[in-house]
Amino acid sequence: MSFYGLTVCLFPLFSQMLGSPQSLPKMKRSFYAARDLYKYRHSYPVCTHTLNSPHLPSGIYIEEILTKWRGDYDKLEHNHTYIQWLFPLREQGLNFYAHELTQDEIKEFQSTREAKRRFLVAYSLMLDFYGVKLLDKSGNVARAPNWQERFRHLNESQHNYLRITRILKSLGELGYESFKAPLVRLFLEESLCHSTLPNMQHSILEYFVYTIRLPATRRRLLRYARQHYRPAHAFLWGPLPKRQRGVAGGNVGAGSSGIRAPAPSPEQQRRGEESCRNATTLFKVYVTLESSRRTIRFHLK
């Protein structure tokens with residue numbers, strides 16, 4: 001077979017493997033983010049809001065934070081130990097003095113009115129820090145009067161995105177799952193439609209959306225994001241739209257629809273493996289022949 005003929009045979013294979021330039025997104029999904037948030041949504045193996053002792057290592061009482069730190073944005077920005085106490089989780093955070101939440105503590109929290117009051121005050125405190133206000137007991141949110149200044153800060157202070165992920169997780173742990181979607185929707189709208197939080201875009205789609213445990217709510221937010229994401233071909237999250245599934249490669253795996261592609265038969269698997277071996281062999285032959293051709297040309301000069 002001539003070099004030209006071999007190239008013609010191999011070109012469709014390489015084109016399928018590499019894809020067109022527009023089909024290659026610049027970003028990749030994070031395996032670690034997906035694994036962490038999957039474990040959170042499906043539950044991973046003394047609630048601080050019921051305690052009256054100071055939290056470590058700073059020795060500050062929670063009530064002092066709730067009553068005296070509101071509006072003190074420098075303190076909220078630069079102190080990195082309070083967030084684990086205000087928003088406990090069943091996982092270890094950066095503050096090793098803050099113990100992991102237990103199921104018994106969650107039950108105690110949900111039966112203690114004062115603990116729930118403190119938690120909502122803490123949530124409102126952090127929303128104000130981010131330029132957002134809590135509108136009602138259903139968790140609806142909107143821009144706060146200081147939103148322009150705070151959004152500018154939040155757009156550049158990206159370590160706060162880790163805090164927001166923790167806050168969202170804690171909402172779900174302590175019985176406020178319904179509070180997540182309004183906040184995530186607001187951040188999606190601000191980042192995708194108004195470009196007030198462009199640097200937050202990836203964290204919203206990679207982390208914030210996937211803290212939401214209800215699949216239908218998660219799909220609704222992803223559809224909204226897909227509608228407004230630019231460039232559209234680089235959108236990586238959620239199942240492909242129906243019109244694109246055939247282009248992407250026929251059968252799809254288990255997505256939001258819950259439909260899983262049928263497993264290949266032993267014969268289909270054998271043929272697939274054989275095709276891969278043949279393609280690899282052809283590629284090696286092509287590389288060897290091309291190298292030999294260049295060597296001959298060099299010596300003939």
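Computed from a predicted structure; not experimentally measured.
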Within a strict 4.5 Å, meaning less than it, do heavy atoms of the Val209 and Arg218 side chains meet? yes

For Tyr73 and Phe129, take the angle between the two ring planes, folded into 0 to 90°, and tell me which bin it lands in: parallel under 30, tilted 30 to 60, perpendicular over 60. tilted

Under the salt bridge (Lys or Arg N to Asp or Glu O under 4.0 Å) criterion, do Lys180 and Glu173 qualify, and how do the steps go? CA-CA 11 Å; Lys180 295 179 187 178; Glu173 292 286 66; over 6 Å; no

Applying side chain to side chain donor-acceptor pair (under 3.5 Å) to Ser157 and not counting sequence neighbours gives Glu77, His159, Asn160

Show the nearest heavy-atom pair for residues Met126 and Ile83, with the distance to one decimal. CE-CD1, 3.9 Å

Assign the ring pair Tyr224 / His228 to parallel, tilted or perpendicular, where the plane angle (0 to 90°) is split at 30° and 60°. tilted

Minimum heavy-atom distance between Ser170 and Leu89, given as atom pair plus value: N-CD2, 3.4 Å

Could you tell me if the side chain of Thr217 sits less than 4.5 Å from the side chain of Glu177, heavy atoms only? no

Tell me every residue that passes side chain to side chain donor-acceptor pair (under 3.5 Å) with Arg220, counting only those two or more places apart in sequence or in another chain. none

Just how far is it from atom CG of Leu168 to atom CZ of Phe187, taken to the nearest 0.5 Å? 8.0 Å

Compare every heavy atom of Thr165 with every heavy atom of Phe208, then report the nearest pair and how far apart it is. CE2-OG1, 3.3 Å

Identify the two heavy atoms, one from Val141 and one from Pro182, that lie closest to each other, and give their separation to 0.1 Å. CG2-O, 3.5 Å

Are Arg90 and Lys169 side-chain neighbours, meaning at least one heavy-atom pair lies under 4.5 Å? no

Side-chain contact, heavy-atom cut-off 4.5 Å: Arg70 with Ser124? yes

Please work out whether the ring planes of Tyr176 and Phe119 are parallel, tilted or perpendicular, with thresholds of 30° and 60°. parallel

Report the C-alpha distance between Asn199 and Tyr161 in whole Å, list the side-chain angles of each, state the deciding distance to 0.1 Å, and finish with yes or no for side chain to side chain contact (heavy atoms under 4.5 Å, CB included). CA-CA 10 Å; Asn199 293 338; Tyr161 304 166; 3.8 Å; yes

Min side-chain heavy-atom separation Ile204-Ile164 under 4.5 Å: no

The complete set of salt bridge (Lys or Arg N to Asp or Glu O under 4.0 Å) pairs with one or both residues in residues 126-152, sequence neighbours excluded, reads Arg143-Glu190

Pairwise distance CG(Leu125) to CG(Leu76) - rounded to 0.5 angstrom: 5.0 Å

Might you point out which heavy atoms bring Met200 and Asn155 nearest each other, and give the distance in Å? N-OD1, 4.2 Å

Between OG1 on residue Thr196 and CH2 on residue Trp147, distance to nearest 0.5 Å: 6.0 Å

How many angstroms lie between CD1 in Ile167 and CG in Leu127, if you round to the nearest 0.5 Å? 7.0 Å

So, Asn79 side chain and Thr81 main chain: donor-acceptor pair closer than 3.5 Å or not? yes

Quick one: pull up CG in Leu236 and CZ in Arg226 and give me the separation to the nearest 0.5 Å. 9.0 Å

Give, for atom CG of Leu188 and atom CG of Leu183, the distance between the pair rounded to the nearest 0.5 Å. 10.0 Å

Taking side chain as C-beta onward, heavy atoms only, is Lys107 less than 4.5 Å from Ser111? no

Check Ala181 against Ile212 and note the closest heavy-atom contact, atom names and distance. CA-CD1, 4.1 Å

Between Lys75 and Tyr82, is any pair of side-chain heavy atoms under 4.5 Å apart? no

Dump the intermediate steps for side chain to side chain contact (heavy atoms under 4.5 Å, CB included) on Arg163 and Tyr130, then the final yes or no. CA-CA 11 Å; Arg163 291 176 170 180; Tyr130 298 135; 3.5 Å; yes

